[in-house]
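Take a look at the structure set out below.
Each chain gets a letter, A, B and so on, in the order its sequence line appears, and its residues count up from 1.
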Amino acid sequence: MHAGKTYIIHMKLPLKFYQRPTLTIAQDLLGKILVRNKNGVITAGEIIETEAYGENDPASHAFRGLTSRNQPMFGPPGRAYVYFVYGMYHCFNVVTEKKGRGAAVLVRALRPIRGLAVMGRRVRSKNKSRLALTRTCAGPGKLCLAMAIDKKLNKTSLLGNEIYILKRSSLPKSQIKITPRIGIKEGRSKLWRFVKKEPWTKSVQ
DNA sequence: GGACTGATCATCT
DNA sequence: GATGATCAGTCCC
């Protein structure tokens with residue numbers, strides 16, 4: 001190898017990344033690359049929208065203590081918490097904090113980078129609409145469809161090879177839009193939703 | 001632009 | 001028995 005040549009190495013985020021405060025992680029995840037390997041079929045996208053679900057948070061599944069569904073939130077950090085909602089969609093979360101704390105970050109949207117054709121097919125097979133064609137990974141439910149994320153990935157380590165997140169530098173604060181979370185009844189006063197501002201987009205929702 | 005609704009079922013009370 | 005960290009379609013302004 002020649003000295004001076006730049007090799008781009010794709011490094012997974014280390015366990016340490018996930019052992020930090022949930023709000024920090026929710027913001028730090030923006031701009032990072034979520035990769036899914038389903039039997040060798042790779043899909044990937046840049047994380048552009050997240051929500052934090054933490055302590056003393058009435059919107060969190062963990063608010064009323066441990067149950068069989070939310071148990072992964074109380075488990076070790078750096079794993080997936082995948083749950084089924086509205087009888088038809090899955091939502092993908094990254095478990096944060098230390099074991100026993102009951103916190104996670106919901107990944108709400110990606111900018112598709114790799115495997116666009118596969119993602120399009122997966123979404124369309126469940127959803128005939130034309131809109132879904134162009135906005136494959138906008139929204140937690142569609143993102144899971146596109147990336148083939150379901151309950152089989154619940155509790156899966158993000159340090160393994162089925163699903164993982166690549167290291168990238170953090171976005172500057174000026175590129176992060178902060179808003180209330182979507183689709184919740186309680187806890188709306190908390191500004192725990194984080195969206196990457198896309199300079200070429202006129203309005204970011 | 002926004003408000004509302006049906007689909008559909010695991011989980012919780 | 002009711003609810004929900006959703007989505008797409010419809011209706012109305």
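Of the listed nucleotides (dA5(C), dA7(B), dG4(C)), dA7(B) has the atom at the smallest distance from the side chain of Met88(A). For Tyr86(A), whose side chain is taken as the heavy atoms from C-beta onward, the closest listed nucleotide among dC7(C), dG4(C), dT13(B) is dG4(C). Nearest to the side-chain atoms of Lys142(A) among the listed nucleotides dA5(C), dA10(B), dC7(C) stands dC7(C).
One finds no side-chain N or O of Lys151(A) lying less than 4.0 angstrom from the OP1 or OP2 phosphate oxygen of dC9(B). At least one side-chain nitrogen or oxygen of Arg108(A) sits closer than 4.0 Å to the OP1 or OP2 atom of dT6(C). Not one side-chain nitrogen or oxygen of Thr67(A) sits closer than 4.0 Å to the OP1 or OP2 atom of dT13(B).
Across all strands shown, Gly141(A) has heavy atoms under 4.0 Å from sugar-phosphate atoms exclusively, and none from any base. Within 4.0 Å of Tyr89(A), counting heavy atoms only, lies at least one base atom of the nucleic acid. Arg69(A) comes within 4.0 angstrom of sugar-phosphate atoms only, judged by non-hydrogen atoms across all strands, and of no base. Contacts of Leu106(A) with the nucleic acid, taken as non-hydrogen atoms under 4.0 Å apart, include base atoms.
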Go ahead and write out DNA chain C as dot-bracket, 5' to 3': ( ) for pairs within the strand, [ ] for ones crossing earlier pairs, | when the partner sits on another strand, dots for unpaired; Watson-Crick or G-U wobble, both distances under 3.5 Å.
-> ||||.|||||||.
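Using cut-offs of 30° and 60° for the angle between ring planes, the Tyr83(A) and His61(A) rings count as perpendicular.
Annotation: the span from Asp57(A) atom CG to Arg181(A) atom CZ amounts to 4.0 Å, rounded to 0.5 Å.
Remark: Glu162(A) pairs with no residue by the salt bridge (charged side-chain N to carboxylate O under 4.0 Å, His left out) rule, at least two apart or across chains.
No more than 12 heavy atoms of other residues, nucleotides or ligands sit less than 6.0 Å from atom NZ of Lys155(A). The neighbour count for Arg64(A) CZ, taken as heavy atoms of other residues, nucleotides or ligands under 6.0 Å away, does not exceed 12.
Inspection of the Arg36(A) and Thr43(A) side chains reveals no N or O donor paired with an N or O acceptor under 3.5 Å.
Side-chain N/O atoms of Tyr83(A) and base N/O atoms of dA5(C) include a donor-acceptor pair closer than 3.5 Å.
Taking the charged nitrogens against the carboxylate oxygens, Glu46(A) and Arg168(A) have no contact shorter than 4.0 Å, which rules out a salt bridge.
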